[in-house]
S.K.: 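Pasting in a structure now, in structure tokens, and then I'll have a few things to ask.
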Amino acid sequence: MLTDPLADEIAARIEKAARRANFIHDSAVRREICVAAALDILAMINSERN
């Protein structure tokens, strides 16, 4: 289960990626921003579990 600080950090990273992607008109770049954020979040969760 995710700890509250980790959940807060994940939410903050999702919000940051969404704000960045919102200003980009190129859908491929928006997708890259979202994928990078998702991979970063998965790495955070994995390190929290280990």
Side-chain angles (χ1 to χ4, degrees):
M1 179 146 214
L2 299 177
T3 62
D4 286 337
L6 181 59
D8 291 343
E9 181 64 26
I10 290 170
R13 289 177 190 230
I14 291 170
E15 290 173 12
K16 182 179 177 182
R19 281 194 305 270
R20 288 181 63 210
N22 193 37
F23 292 104
I24 305 295
H25 298 290
D26 184 342
S27 62
V29 175
R30 281 197 310 264
R31 188 170 32 253
E32 285 182 27
I33 290 169
C34 294
V35 168
L39 291 174
D40 186 41
I41 290 166
L42 288 173
M44 286 174 43
I45 292 170
N46 189 39
S47 69
E48 180 74 13
R49 289 184 178 175
N50 292 333

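Bear in mind the structure is a predicted one, so any value in this text is a computation, not a measurement. For reference, positions follow the sequence shown, starting with 1.
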S.K.: Rounded to the nearest 0.5 Å, how far does CZ of Arg13 lie from CD1 of Ile10?
M.R.: 9.0 Å

S.K.: Search all heavy atoms of His25 against all heavy atoms of Arg30 and return the closest pair with its distance.
M.R.: O-NH1, 3.3 Å

S.K.: State whether the number of non-hydrogen atoms from other residues, nucleotides or ligands found under 6.0 Å of Arg20 atom CZ is greater than 12.
M.R.: no

S.K.: Same cluster for Ile14 and Met44 if Ile/Leu/Val/Met/Phe/Trp/Tyr side chains link at under 4.5 Å?
M.R.: yes

S.K.: Going from CD1 on Ile45 to CG on Asp40, what distance comes out if it is rounded to the nearest 0.5 angstrom?
M.R.: 10.0 Å

S.K.: Just how far is it from atom CD1 of Ile33 to atom CG of Asp26, taken to the nearest 0.5 Å?
M.R.: 9.5 Å

S.K.: Atom CG in Leu6, atom OG in Ser47: separation rounded to 0.5 Å?
M.R.: 7.5 Å

